[in-house]
Amino acid sequence: MTDTRQFAVFSCDLDTVDRHLQGYGIDDLPACDRIYRTAVPRLLELLDELRVPGVFFFIARDAEREAPLLRQMIAAGHEVGSHSMTHPQPFRTLADAALTDEIDGSRARLAAASGSEVIGFRAPAWDVDDRVLGRIAAAGYRYDASVFPTPVLIASRLSAYRRSVNKGSLRGRAIFSMDLIGHAFAPAVPHQASAATNATGARGLVEFPISVTRWLRLPVYHTFQYFVPPRLFARGVRALLRSGRPVCYEFHAADLLDLAADDVDPRMERHPGMRLPLERKRALLKDTLAAIARERRVVTYRHALEECLQ
Ligand SMILES: [Zn+2]
C-alpha cells in the first residue's frame, strides 16, 4: 500500500572541526578529519537503526579524500548535497568569482568524487540572498536548503558572537552580516524560489526551508535543543507534526562528537552541545528523529523534490 503521509527530511551538515572553529574566529587549525572518522560512522549507524535515509551536506574541499565515504553513503540510500567548497563566512558577501568556485566548483567536485549528480545546496550559516540563490540556480542545482525562517536566528547569532574570539574584528561583526530580518519572514514551507532567482537557472530552484513551528516560528532545529528545556522543544516537534506541514530537520555531525573521548580540539567546548557526553547527545538525536519518523515518511530532499514537482 502506498504511504500517503506527509514527508520529513533529515539533513546533516558535515562541518569539520576546523570549519566550526573558523566560524568562531579561530583560524589556525589545519583541515581536520575527526568528524568523518568518528561522528559520521555513528550517524550512519543511527540512520540505519531507524531505517531512514538522510541527506549529508558535504564540504567539497574534502571530496577526493573522502570519496569512499561519499560512495558508501550513496550506496546506503542517502543523498549527498553541497555545503560549499571551503565553508567561508560570511558567504553572502563573497565576490562573484569566489562565489562561483564555492557553488559551481563544489557541485562538480562532489559529483566526480561520489559518482552521483549533486542537486542540493546549503550555504554556510544559511547565509543566502537573491544573488546567492541566483548563482545556485544557475549552477544547475535543483534545490536550496539554506533559508531558516525564524526570528530566533537573531538571538542565535548573538549567542555565537558571545562565544567567538576577536569580537572587535571584522570576523566578529561578520556574524551579523546576513539578512536576518529577510530570513525571519520568508515562507516557511517548501516553495519555488522567486522568478528573479530562477531567471538564470534553466530548470528552476525549489527552496526547502529549515522547519519552524507554524505560529511562533520557533526553530525545530537540533542545535536549539541545547538551549531550551526538553519539554518545550518536544512540544515544538509535536506542534509541527500536528500542523501537517513537511518536516525538514537539520543537525550537524558534531552532534555525535564527544569533546573529551574523541580527543577533539578543546576550543570546541564553546560550540553548542560540546560539553554533553556522547551518550546524552546520541539519545537526544535518536529520540527526536524517532519521534518524527513514527509519524512521517522519511525521504531525501531529492525524493521530496520529485513529489513537489509532480
Ligand atoms: Zn556549516
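Predicted model, so just to flag it, every value in this text is computed and none were measured. Just follow the structure's listing: the first ligand is 1, and inside any ligand the first atom is 1.
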Exercise for the section: Determine yes or no for a side-chain-to-main-chain donor-acceptor pair under 3.5 angstrom, with Glu207 supplying the side chain and His191 the backbone. Expected result: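 No; judged by distance alone, with no hydrogens or angles, the pair does not exist.
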
Exercise for the section: Just say parallel, tilted or perpendicular for the rings of Tyr301 and Phe208, cut-offs at 30° and 60°. Expected result: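 The rings of Tyr301 and Phe208 sit tilted, inter-plane angle from 30° to 60°.
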
Practice task
Measuring from the Zn ion (ligand 1), name the closest N, O or S atom belonging to Asp15.
Solution key: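 Going by distance to the Zn ion (ligand 1), the closest N, O or S atom in Asp15 is OD2.
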
Exercise for the section: For the Zn ion (ligand 1), find the closest N/O/S atom belonging to His87 and write down its atom name. Expected result: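 Considering only N, O and S atoms, His87 comes nearest to the Zn ion (ligand 1) through NE2.
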
Exercise for the section: For residues 25-52, pull every pair meeting ring-ring contact (aromatic ring centres under 6.0 Å, His included), keeping only residues two or more places apart or in separate chains. Expected result: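 Residue pairs with at least one partner in residues 25-52: Tyr36-Phe58.
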
Handout entry: Tyr143: side chain to side chain donor-acceptor pair (under 3.5 Å) partners, not counting sequence neighbours
Key =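 Result, side chain to side chain donor-acceptor pair (under 3.5 Å) vs Tyr143: Glu79.
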
Using 2.8 Å as a strict upper limit, say whether an N, O or S atom of [X] approaches the Zn ion (ligand 1) that closely.
{"X": "Asp13", "result": "no"}
{"X": "His20", "result": "no"}
{"X": "His252", "result": "no"}

Exercise for the section: Measure from NZ or CZ of Arg107 to the centre of the six-membered ring of Tyr141 and say whether it is under 6.0 Å with the direction within 45° of the ring axis. Expected result: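 Positive - Arg107 is close enough to the ring of Tyr141 and near enough to its axis.
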
